[in-house]
Asks: 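Below is the structure I would like to discuss, written out as structure tokens.
Numbering starts at 1 and runs along the sequence shown. All values below come from the heavy atoms of this structure, side chains included, with hydrogens, waters and symmetry mates left out. Both counts, for ligands and for their atoms, begin at 1 and track the order of listing.
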Amino acid sequence: MISQPFIHLATLLFLLSSSFAFPNYADVLKRQEVEDANSPFPPVNPPLPPGPPEFTGAKLVNDPAHPWEPLRDGDVRGPCPGMNTLASHGYMSRDGVASPSEMVTAVQEGLNMENKFAIFVTYLNHLMNGNLVTDLLSIGGKTSKTGPDPPAPAHAGGLSVHGTFEGDAGMTRGDAFFGDNHSFNQTLFDKFIDFSNRFGGGFYNLTVAGELRFQRLQDSIATNPQFSFKNVRFITSYGESVFPVNFFVDGRQTEKKLDMESARLFFSDMKFPADFFRAPMPMSNEGLSEIFQMHPFLPGGNVDGKVDNFVVDPASATFDTPSCVLYEDILNTVKGLYPNPTGVLKRNLIKNLRFFYDGFSAVFSDGCAEQFPYGQQ
Ligand code: HEM
């Protein structure tokens, strides 16, 4: 079952300035918006998201069909230890670029993520950071492997783009302000271990998750003058904090606690532990409410470019606002990226927004009505 509200996605969208500059606008528009079967990246008519697999129990996933392999030149990895590990074991393309439907299949097969939750997370990321014409998303940074750039301000920059889904106060990744928001950070992992020792007897569990989440917020308030923690980031960060308990603990284990060697393998080496079994049932963000209640926190950020200057943002989605607040925020982000789509791009936006709503409305079941900012066909 999907637990409680997940929540808001935020808006932060800003966009990528010069690094995603647009070299040849007319040409790109042509390639992006017209069915051009001769292009090396022909436009794709996205398939429906996969349904749940037939078997949803525990099973060996570090199996001979999915051996871990080291990175090759050009392989892309990013801020998500789950996606990194699935790519390094071949549950999705090992180069780190795949369609959202491949990603949903991968998180279901390899880690037993619940179907609608997987659709929600994946299509949200795809709408903000993927190439909607080629139907490809990078699990790391910008790469030419996702195809020609979309018309600005869209960027197809991948999961590492700061301020869309990726955000501040991560557990093992630094804040973008400090220069690297996607690589494994040993200093932060040392803190992860320290908290697991102090609050979990040497294991990462929900108590540790609640304490570490709160501490990482205090760290960012004290050190990052651009600290921002609201809307999508506010909601999803609490989910990410329970993921190691829900997904990285061997599915045969009855106690939900993660040992440090396994944690290192996932977070740093992008590797399943030997003989690893996935979770015994489809999982999502179970435990989120418990860890949030340990240290309730309001969304906001440091203002005026100063540290220790945290101001609550009353407009941000919280766990108490109706899910429509979050939905509106996400739609505004998408509309900001794609103000005037035409052709294939428009068709694929309509389709991906539908797919996304399918997941969103299952995760947030308080009845927020679907919207169609680009029409329905
Ligand atoms: C079972 C599947 C998954 C697991 C176990 C997982 C696990 C995690 C964890 C533990 C983090 C926090 C990393 C940290 O703070 O050090 C994280 C971050 C992230 N995940 Fe995943 N994830 C999963 C699926 C996905 C999917 C499907 C997507 C999108 C396609 C995704 C995108 C991200 C992104 C963009 C971040 C960075 C957010 C940040 O700034 O902390 N994840 N993930």
Side-chain angles (χ1 to χ4, degrees), residues 9-10 12 49-50 61 77-87 91-92 96-130 136-141 157-176 180-189 191-192 204 209 212-213 216-217 219-220 228-229 232-249 251 258 262-264 266-268 270 272 276 278-279 282-286 356 359:
L9 299 199
L12 288 131
V61 289
R77 295 293 183 270
C80 176
M83 301 311 286
N84 290 348
T85 302
L86 292 166
Y91 276 93
M92 53 171 277
V97 173
S99 69
S101 49
E102 285 173 293
M103 291 186 184
V104 169
T105 300
V107 294
Q108 291 185 159
E109 263 315 295
L111 287 167
N112 217 354
M113 186 174 263
E114 194 276 334
N115 175 247
K116 299 291 188 191
F117 191 83
I119 290 172
F120 160 65
V121 177
T122 306
Y123 285 84
L124 171 60
N125 274 278
H126 188 49
L127 281 163
M128 297 191 298
N129 299 316
L136 291 170
L137 171 63
S138 158
I139 65 168
L159 299 190
S160 299
V161 172
H162 177 65
T164 52
F165 192 95
E166 193 287 324
D168 292 334
M171 291 180 287
T172 69
R173 269 61 180 170
D175 288 4
D180 183 349
N181 68 345
H182 54 274
S183 309
F184 174 76
N185 180 312
Q186 182 62 51
T187 308
L188 290 177
F189 190 64
K191 179 169 261 188
F192 183 99
Y204 184 88
L212 184 60
R213 167 83 348 264
R216 292 293 297 127
L217 294 172
D219 293 346
S220 289
S228 175
F229 193 70
V232 175
R233 180 56 183 158
F234 177 81
I235 302 305
T236 57
S237 70
Y238 287 91
E240 288 165 17
S241 287
V242 298
F243 282 0
V245 178
N246 295 347
F247 295 107
F248 295 164
V249 174
L258 178 68
S262 299
R264 168 173 285 286
F266 280 106
F267 279 101
S268 166
M270 316 175 206
F272 288 133
F276 182 74
R278 71 179 190 189
M283 300 294 289
S284 57
N285 59 352
E286 292 81 0
F356 165 70

Asks: So which heavy atom in the protein is nearest atom 2 (C) of ligand 1, and how far is it from that ligand atom?
Replies: M113 CE, 3.4 Å

Asks: For residues H126 and P100, report the shortest heavy-atom separation together with the two atoms involved.
Replies: CD2-CG, 3.4 Å

Asks: Quick one: look up the protein heavy atom nearest atom 15 (O) of ligand 1 and list residue, atom name and how far away it is.
Replies: M171 N, 2.7 Å

Asks: Any non-hydrogen atom of R233 lying under 4.0 Å from ligand 1?
Replies: yes

Asks: With respect to atom 16 (O) of ligand 1, which of I119, V104, T172 exhibits the smallest heavy-atom separation?
Replies: T172

Asks: Which residue is it: V107, I119, T122? I am looking for the one with a side chain to side chain contact (heavy atoms under 4.5 Å, CB included) to M113.
Replies: V107

Asks: Indicate yes or no: at least one non-hydrogen side-chain atom of F120 is less than 4.5 angstrom from one of E114.
Replies: no

Asks: Can N129 and T164 be counted as having a side-chain donor-acceptor contact under 3.5 angstrom?
Replies: yes

Asks: Quick check: do T85 and F248 have side-chain heavy atoms less than 4.5 Å from each other?
Replies: no

Asks: Closer than 4.0 Å to some heavy atom of F267 - which atoms of ligand 1 meet that?
Replies: 16 (O)

Asks: Is the closest side-chain heavy-atom distance between Q108 and R278 below 4.5 Å?
Replies: no

Asks: So is F266 in contact with ligand 1, going by heavy-atom distances below 4.0 Å?
Replies: no

Asks: Report the protein N/O/S neighbours of atom 21 (Fe) of ligand 1 that fall below 2.8 Å; do not count waters.
Replies: C80 SG

Asks: Run the numbers for me: atoms of ligand 1, each under 4.0 Å from some heavy atom of N125, listed by number.
Replies: 29 (C), 35 (C)

Asks: Classify the angle between the aromatic ring planes of F192 and F189 as parallel (below 30°), tilted (30 to 60°) or perpendicular (above 60°).
Replies: parallel

Asks: Got the closest protein heavy atom to atom 40 (O) of ligand 1, with its distance?
Replies: G167 N, 2.7 Å

Asks: Would you please classify the geometry between the F276 ring and the F266 ring as parallel, tilted or perpendicular, with 30° and 60° separating the classes?
Replies: perpendicular

Asks: Just need the protein heavy atom nearest to atom 35 (C) of ligand 1, so name the residue and atom and give the distance.
Replies: F165 CD2, 3.4 Å

Asks: Number the atoms of ligand 1 from 1 as they appear, then name those within less than 4.0 Å of a heavy atom of T122, with their elements.
Replies: 27 (C), 30 (C)

Asks: Check each atom of ligand 1 against the heavy atoms of G170 and keep those under 4.0 Å away; list them by number with element.
Replies: 15 (O)

Asks: For residues G78 and S160, report the shortest heavy-atom separation together with the two atoms involved.
Replies: CA-OG, 4.0 Å

Asks: Is the closest side-chain heavy-atom distance between M103 and V121 below 4.5 Å?
Replies: no

Asks: Could you tell me, atom by atom, which parts of ligand 1 come under 4.0 Å of a heavy atom of F248?
Replies: 5 (C)

